[in-house]
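The chains referred to below are lettered A, B, ... by the order of the sequence lines, with proteins before strands, and numbering in each begins at 1. For clarity, every value in this text was computed on a predicted model and none was experimentally measured.
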Number of protein chains: 2
Amino acid sequence: MTNQHTPAKLDPLLHQPVRTRIAAFLAARGETTFGELKKALEISDGNLDSHMKKLVASGYIIVRKVEGKGRPQSFYSLSEPGRTAFRAYVAALQTMLGL
Amino acid sequence: MTNQHTPAKLDPLLHQPVRTRIAAFLAARGETTFGELKKALEISDGNLDSHMKKLVASGYIIVRKVEGKGRPQSFYSLSEPGRTAFRAYVAALQTMLGL
DNA sequence: CTATATACTCTGAAAAACAGAGTTACCTTA
DNA sequence: TAAGGTAACTCTGTTTTTCAGAGTATATAG
């Protein structure tokens, strides 16, 4: 029998207001910078930083540092595990919410 | 133009692993008890209690106390504002995730 | 009567979220 | 060319949230 009345657990790394938006943004956009994300989400630097750190530490997001003439800039994108986790997360939501 | 690159904010009362599951469960079931919820979600008493308290305090969930011969039992259900908020939350997710 | 179970509530610890100040380096513009 | 502004982060500390487990009241089984 299918466990229809036990809603599946949701990945806490992705199921959080700021991080879900980051993941969705990245899934749609592919690659982004700190500044672009900050503008899109309208949150403080510190807040964005701590969420990005967590996502990078977990391996869901990859940073590509581009060394140029100035300060190296970071480009963020979903890693393959991140993409997979995001897909699973969305599927879990769909099931749970009957979408 | 539509603000397509600024993912909408998600109601923090609903966008939390345990509470999303509570809301989804209630939306599907209509009314439930503490024990049933505890069994369905597999979380500790204290944890469930604190989330229920928050949901009740916010007005998203209504408690109906049934006085019987013994200890009065509580039946929980989504209030009308709760149902509305949940609908809006689901809609926001759909938009954000492109569902 | 004792043990067990349900239905909660309370308390406190641990973790998460967040803001703002600080750092480095470029890029104006006066 | 020096001062001011800004982008891109990082660091630190406070507040808020999450969570587990112990505690309380009542009922029921043996």
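- No chain of hydrophobic side-chain contacts below 4.5 Å, direct or via other Ile, Leu, Val, Met, Phe, Trp or Tyr residues, connects L48(B) to I62(B).
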Would you tabulate the pairs of protein nitrogen or oxygen atoms and nucleotide nitrogen or oxygen atoms of nucleotides 11-18 of chain D closer than 3.5 angstrom?
| residue | atom | partner | partner atom | Å |
| --- | --- | --- | --- | --- |
| dT18(D) | OP1 | R19(B) | NH2 | 3.3 |
| dT18(D) | OP2 | R19(B) | NH1 | 2.7 |
| dT18(D) | OP2 | R19(B) | NH2 | 3.3 |
| dT18(D) | OP2 | K54(B) | NZ | 3.2 |

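- Applying the ring-ring contact (aromatic ring centres under 6.0 Å, His included) test to residues at least two apart or on different chains, none of the pairs has a partner in residues 26-62 of chain A.
- Looking at R83(B) and L78(B), their side chains come closer than 4.5 Å, going by heavy atoms from C-beta outward.
- A donor-acceptor distance shorter than 3.5 angstrom exists from the side chain of R19(A) to the backbone of L13(A), with no hydrogens or angles considered.
- One can place CE of M52(A) at 18 Å from C1' of dA19(C), the figure rounded to the nearest angstrom.
- Within residues 30-39 of chain A, the residues approaching DNA chain D are F34(A), G35(A), by heavy-atom distance under 4.0 Å.
- Taking atom CG of residue L41(B) and atom P of nucleotide dC8(C), one finds them 15 Å apart after rounding to whole Å.
- The distance between atom CD1 of I43(A) and atom C1' of dA17(C), rounded to the nearest whole Å, is 10 Å.
- Every ring pair (Phe, Tyr, Trp, His ring centres under 6.0 Å) that Y89(A) has, sequence neighbours left out, goes to H15(A).
- Of the candidate nucleotides dA7(C), dC18(C), dA20(D), dA7(C) has the atom lying nearest to any side-chain atom of Q73(B).
- Residues passing the side chain to side chain donor-acceptor pair (under 3.5 Å) test with K9(B), sequence neighbours excluded: none.
- Between the CG atom of L55(B) and the P atom of dC8(C) there is a distance of 15 Å, given to the nearest Å.
- One can place CG of L48(A) at 17 Å from C1' of dA21(C), the figure rounded to the nearest angstrom.
- Rounded to a whole Å, the CG atom of L13(B) is 16 Å from the C1' atom of dA17(C).
- With sequence neighbours excluded, the residues forming a side chain to side chain donor-acceptor pair (under 3.5 Å) with S74(A) are K65(A), listed by chain and number.
- Contact check for E36(B) versus F25(B): side-chain heavy atoms found under the 4.5 Å cut-off.
- A straight line from CD1 of I22(A) to P of dA17(C) spans 10 Å, rounded to a whole angstrom.
- When D49(A), T32(A), D45(A), T33(A) are each tested for a side-chain hydrogen bond (donor to acceptor under 3.5 Å, both in side chains) with K38(A), only one passes: D45(A).
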